[in-house]
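Notes follow once the structure below has been shown.
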Amino acid sequence: VLGEFMKRTTLIREQFAFDTIPGASTYQLIPAFGQVSSVLEVFYDDSSGNEIKLRPRPEELRYQRSPAQPDSWWTAIPDMITVSPVPDNIYTISVRAATTLKQDDTTFPEDLAKHYGEAIAAGVMATMYAMPGKPWTSSQSSIQPGPVYNGPIRTIRGNLRDGGQPNQSTFRGIAGFGA
């Protein structure tokens with residue numbers, strides 16, 4: 001449940017930086033803790049220290065191109081990233097990725113329990129009540145903790161999208177349009 005919470009919220013993030021190897025297009029991301037759950041952004045560091053965002057490359061455009069400076073990326077397995085075209089030189093690539101727990105992890109970030117302990121506990125309860133064939137199984141009881149688990153996930157995702165500002169909106173009232 002905690003791993004799924006981390007994956008769905010993308011709260012725990014890590015930045016990776018690596019130099020490309022001419023002729024090699026796929027690179028493995030090894031986080032300090034847990035495992036990569038999704039790649040969020042990829043940048044190329046130019047010679048002036050500026051980050052230039054690489055765009056995701058859709059499958060229909062992944063044809064073989066002549067080696068050059070990478071301008072795009074794609075990933076099918078979260079901890080493996082492929083840059084395109086194949087690098088013709090050494091370039092510094094930065095990757096921002098969300099991480100989650102591995103199956104065998106026995107520790108997790110303390111801040112999650114401190115701030116979201118009730119939501120995580122509700123997720124554990126809903127999962128346990130929904131287990132088939134167990135003495136504690138109760139389909140009726142599994143419904144109640146679901147919103148306590150899923151609500152904070154939606155709130156966290158909304159806050160991350162809006163820069164940490166709840167209810168940040170681009171909606172303007174009718175007076176804003178000159179009526």
Approximate separation, where rounding is to 0.5 Å, of D19 CG and I93 CD1: 9.0 Å
Closest approach of V39 to P78 (non-hydrogen atoms, all atoms of both residues): CG2-O, 3.7 Å
Contact summary for V1 and Y149, nearest pair of heavy atoms: O-OH, 3.3 Å
P85 to A68 - nearest heavy-atom pair and separation: CG-CB, 3.7 Å
I52 atom CD1, neighbour heavy-atom count above 12 within 6.0 Å: yes
Geometric cation-pi criterion R62 and W74, 6.0 Å radius, 45° cone: yes
Backbone N/O of R96 and side chain of E14: donor-acceptor pair under 3.5 Å: no
Check: P147 main-chain N/O paired with N150 side-chain donor or acceptor under 3.5 Å: no
Neighbour count >12 (heavy atoms, 6.0 Å) for atom CD, E60: yes
Same apolar cluster: I120 and M131, side chain cutoff 4.5 Å: yes
P132 side chain near T137 side chain, heavy-atom distance below 4.5 Å: no
Within 6.0 angstrom of I143 CD1, more than 12 heavy atoms from elsewhere: yes
Non-hydrogen side-chain atoms of I12 and P109 separated by less than 4.5 Å: yes
Gap between atom CD1 of I156 and atom NE2 of H115 - 0.5 Å precision: 10.5 Å
Working for side-chain contact (heavy atoms from CB on, under 4.5 Å), residues R157 and T10: CA-CA 8 Å; R157 291 298 310 137; T10 70; 2.6 Å; yes
Verdict with reasoning, T92 to F43, per side-chain contact (heavy atoms from CB on, under 4.5 Å): CA-CA 9 Å; T92 300; F43 295 87; over 6 Å; no
Sub-4.5 Å side-chain heavy-atom contact between Y116 and T9: no
Residues S94 and D45: side-chain donor-acceptor under 3.5 angstrom: yes
F16: which of I81, V36, I30 passes side-chain contact (heavy atoms from CB on, under 4.5 Å): V36
L54 reachable from V95 in the ILVMFWY side-chain graph, under 4.5 Å edges: yes
Nearest heavy atoms of V86 and S25, plus distance in Å: CG2-CB, 3.9 Å
CA sep, side-chain torsions, deciding dist, call: E118, V148, side-chain contact (heavy atoms from CB on, under 4.5 Å): CA-CA 8 Å; E118 184 178 334; V148 178; 4.2 Å; yes
Reported CG-to-CG distance for the pair L11 and D111, which is rounded to 0.5 angstrom: 10.0 Å
Minimum heavy-atom distance between V83 and P87, given as atom pair plus value: CG2-CG, 3.9 Å
Contact check, side chains of R65 and D71, non-hydrogen atoms, under 4.5 Å: yes
Whether Y44 and Y91 hold their rings parallel, tilted or perpendicular, with breakpoints at 30° and 60°: perpendicular
Residue pair T82 / T26, side-chain donor-acceptor N/O under 3.5 Å: yes
Minimal non-hydrogen separation, P145 against S141, with atom names: CD-O, 2.9 Å
Minimum side-chain heavy-atom gap S84-S72 below 4.5 Å: yes
Any donor-acceptor N/O pair, T99 side chain to Q35 backbone, under 3.5 Å: no
Test salt bridge (charged side-chain N to carboxylate O under 4.0 Å, His left out) applied to R13 and E41, step by step: CA-CA 11 Å; R13 298 174 179 204; E41 298 175 300; over 6 Å; no
Transitive ILVMFWY side-chain link L29 to I21, under 4.5 Å: yes
Side-chain heavy atoms of L101 within contact of T107, under 4.5 Å: no
T100 side-chain N/O to M6 backbone N/O, donor-acceptor pair under 3.5 Å: no
Backbone of L61 reached by a side-chain donor or acceptor of R57 within 3.5 Å: yes
L40 reachable from F33 in the ILVMFWY side-chain graph, under 4.5 Å edges: no
Note, W136 side chain near M128 side chain (heavy atom, < 4.5 Å): yes
E51 atom CD, neighbour heavy-atom count above 12 within 6.0 Å: yes
T75 side chain vs I77 backbone, donor-acceptor pair below 3.5 Å: yes
